[in-house]
Amino acid sequence: MSSSIISDATSKVKNMVAGEKGRKVADLDSVSQTVSPDDRITSDFGVKMGNVDEWLRVANEKKTGPMLLEDSFSRERIHRFDHERIPERVVHARGAGAFGNFRLFESIEDLTTAGVLTDTSRETPVFVRFSTVQGSRGSADTVRDVRGFAVKFYTQEGNWDIVGNNIPVFFIQDSIKFPDIIHAVKPEPHNEVPQAQSAHNNFWDFVFMHTEATHMFMWTMSDRAIPRSYRMMQGFGVNTFVLVNQKGERHFVKFHWTPELGVHSFVWDEALKLAGQDPDFHRKDLYEAIDNGAFPKWKFGIQVIPESKEHDFEFDILDATKIWPEDLVPVRYIGELELNKNVDEYFPQTEQVAFCTSHMVPGIAHSDDPLLQGRSFSYFDTQLSRLGINWQELPINKPVCPVMNFNRDGQGRHTITKGQVNYWPNRFEARPPATAQEGAYPEPPFNIQGIKARTKSDKFREHYNQAQLFFNSLSEPEKNHLAAAFSFELDHCEDPIVYERMSQRLADIDLGLAQTVAEMVGGTKPEKQTRANHGKKASKISQVEFAPAKPTIASRRIAIIIADGFDNTAYSTVKATIKAASALPFTIGPRRSEVFPAGASKKPGNGVQPDHHLEGMRSTMFDAIFVPGGAESIKTLAKSGRALHWLREAFGHLKAIGGTGEAVELFKLAFALPDLRVSATDEAIESYGVVTLSKVSPESLRESITIAKEGVGFLEKFLYQISQHKNFDRELAGLNSQVAY
Ligand code: HDE
């Protein structure tokens with residue numbers, strides 16, 4: 001089923017328009033409209049307006065004079081404008097969404113009765129909203145934060161929402177603490193500072209006091225919290241859910257989304273700069289990819305534990321601050337999610353979409369995870385203040401299956417239900433509730449006994465094992481990034497008690513980490529590890545482990561920098577190859593009007609029109625840079641501080657950089673590093689992700705879109721470096737820090 005079916009089914013699009021064509025009675029249930037060029041502006045009550053630029057007034061001979069409040073057309077416009085804003089989400093306010101579909105490869109009828117997870121012939125339409133957590137709606141995309149990953153499945157049995165994050169654990173174990181953690185991480189109350197950042201006293205004060213947050217803050221200080229793209233991050237349901245099969249047997253389950261493109265991140269300086277240079281970076285990235293047909297895909301997986309094994313683990317499987325290590329409970333991949341349609345209008349779709357963890361279909365149920373029940377209360381409740389009681393009638397939230405009940409009225413009610421009765425039972429006895437066979441949500445009798453108390457199992461009290469497991473499992477560069485992130489964040493905490501205590505807390509995880517950070521932030525350097533490190537590692541924690549089986553550069557943004565006199569052969573060949581490999585080349589010149597290649601007379605039409613100029617964009621907005629040779633072009637670029645800055649910054653951010661011909665000299669000037677090897681012949685050289693070719697020929701360029709480590713030609717080597725996303729060897733050798741950017 002294509003995603004357009006969602007809007008057809010949910011909003012019954014009939015292209016109804018007011019105006020010449022008139023409005024038929026049959027259109028009365030239409031909620032969506034497409035405007036055609038023939039349509040004329042009307043008021044909301046349908047009457048055409050002759051003048052939409054001037055307020056009605058009593059005009060004297062000079063055509064001045066008082067304005068009239070009787071002008072209901074103008075008043076209506078102002079009223080509408082005054083009420084355009086609705087309360088933003090209290091968390092996850094900033095987001096971007098898209099439509100797509102979910103396909104199931106393998107039925108899990110052994111575990112559940114849910115049609116969406118058992119019927120492999122179905123394609124279930126979905127809407128996905130990605131978000132940041134802390135910032136307001138107008139904040140930046142690339143800040144250090146958890147990312148929301150909320151999926152609404154419009155199944156034939158009703159809506160199912162997995163309201164997840166890109167990090168598999170959470171800060172707290174019990175919903176009751178949610179207001180505290182959110183107050184602590186949001187801007188401080190006295191001065192509303194800082195926006196969209198955890199780098200402040202209150203956050204670090206809170207997580208120190210709440211040791212259960214230890215595991216999660218390790219994840220948020222890691223590269224996971226600065227993803228390169230929504231398309232390159234994992235998603236997790238986080239909470240433990242329950243699957244119920246035909247026999248009424250229950251299994252505990254965790255949900256996973258694993259991206260086809262691998263898991264990739266920015267480096268911190270890049271994320272920091274982008275927050276100002278292009279605050280919409282992730283939103284645009286998602287839109288651009290879908291618009292270009294590079295549809296993002298995720299594999300859908302489940303981790304399953306039978307009810308009988310609930311207590312077999314050293315951690316409590318209902319504790320949302322713990323992962324189920326994949327070495328203990330492997331992920332079974334059973335389906336795939338693809339996003340393939342952008343929204344038509346942000347507000348009615350991405351802003352008004354409303355998720356709810358209690359939206360579950362038969363075969364899926366709540367567990368006793370103490371972070372889950374409170375969530376399920378909270379989501380419905382928050383939609384009331386955001387959208388009003390009839391929020392589930394909004395087209396983006398409406399199920400594709402029939403909705404029938406005796407809920408009535410309330411603000412914004414759209415549904416018109418015919419008939420004489422609005423209660424059950426009634427004298428007509430029409431529409432009785434479904435039986436189990438007819439698909440009613442099953443609630444099999446379930447024995448619960450206990451003592452009413454505010455308590456949790458003892459295993460919930462252990463807060464450090466998995467923080468250590470996480471740290472031990474990272475690659476060397478990832479560990480370094482983690483230490484740098486703590487050092488940045490605690491440097492922003494002015495209160496000594498905060499950075500002092502946190503410096504000590506890190507010694508509960510790793511002494512080296514604690515010492516590095518303490519030294520950087522001015523805390524007392526811990527002398528010994530306060531809690532022995534168990535030394536265990538887990539797989540599928542480090543991002544390195546998610547590299548796609550076949551290297552790809554699909555949808556990567558590559559800047560090609562030219563000036564007048566550039567080498568057209570290298571330019572055209574590299575650009576065409578990048579395009580053929582499904583990446584996106586962007587030509588960057590000193591200006592956006594035509595730039596002329598070597599040998600061409602500077603007449604309109606002989607040159608290339610760049611996509612952007614060097615001052616309009618920054619290297620941060622691209623994944624790699626290519627500079628073709630051409631003596632005059634390189635001479636110009638060598639004199640441009642901005643052009644050199646592009647190169648140095650991309651080098652500092654560990655990106656692939658390619659250059660041919662005279663560009664090799666430009667690289668020597670820009671980087672001036674004796675350890676960086678460059679080509680002097682027709683042999684392409686790759687050194688720390690910088691690929692050079694001095695003498696250009698079709699053979700030495702070796703046009704090819706085969707991306708493999710063993711590539712010999714310039715293009716093969718360059719494409720492979722791009723596919724690797726970052727060159728961490730450059731960082732491990734300390735080369736990036738020797739170049740100023
Ligand atoms: Fe949320 N969360 N949350 N949350 N959450 C909201 O609901 C809440 C939690 C998550 O794109 C709110 O509609 C409580 C965990 C996402 O629209 C609110 C608790 C996870 C989104 C709310 C949690 C999430 C939200 C605000 C602790 C990862 C954005 C607006 C018990 C599994 C959904 C809204 C979107 C949004 C409450 C904890 C993910 C206030 C009480 C854990 C992705 O209802």
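Just so you know, residue 1 is the first one in the sequence shown, and it goes up from there. What you see is a predicted model; the values in this text were computed from it and never measured. The analysis underlying the following values was restricted to heavy atoms, covering all of them including side chains, and did not include hydrogens, waters or symmetry mates. Just follow the structure's listing: the first ligand is 1, and inside any ligand the first atom is 1.
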Determine the interplanar angle of the [X] and [Y] rings, folded into 0 to 90°, and report it as parallel if under 30°, tilted if 30 to 60°, perpendicular if over 60°.
X: Trp257; Y: Phe149; answer: parallel
X: Phe236; Y: Trp219; answer: perpendicular
X: Phe171; Y: Phe203; answer: perpendicular

*Would Phe313 and Trp324 count as a close aromatic pair, with their ring centres under 6.0 Å?*
no

Atoms of ligand 1 close to [X] [distance to a heavy atom under 4.0 angstrom, numbered from 1]:
X: Leu371; answer: 27 (C), 31 (C), 42 (C)
X: Val238; answer: 28 (C), 32 (C)
X: Arg129; answer: 11 (O), 17 (O), 35 (C)
X: Phe355; answer: 11 (O), 17 (O), 33 (C), 35 (C)
X: Gly237; answer: 32 (C)
X: Asn165; answer: 20 (C), 28 (C), 39 (C), 43 (C)
X: Ser175; answer: 31 (C)

Would you call [X]-[Y] a salt bridge at under 4.0 Å N-O?
X: Asp141; Y: Arg94; answer: yes
X: Glu307; Y: Arg250; answer: yes
X: Lys459; Y: Asp319; answer: no
X: Glu545; Y: Lys537; answer: no

*asked:* Taking only non-hydrogen atoms of Gly164, do any sit less than 4.0 angstrom from ligand 1?
replied: yes

*Sorted by chain and residue number, which protein N/O/S atoms are under 2.8 Å from atom 1 (Fe) of ligand 1?*
Tyr379 OH

*asked:* Can you confirm, on distance only, whether ligand 1 has an N/O atom lying under 3.5 Å from any N/O atom belonging to Gln383?
replied: yes

*Indicate yes or no: does an N/O atom of Thr382 lie under 3.5 Å from an N/O atom of ligand 1?*
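Such a contact does not occur with ligand 1.
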
*Rounded to the nearest 0.5 Å, what separation is found between the OG1 atom of Thr357 and the CD atom of Gln373?*
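One finds 8.5 Å between OG1 of Thr357 and CD of Gln373.
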
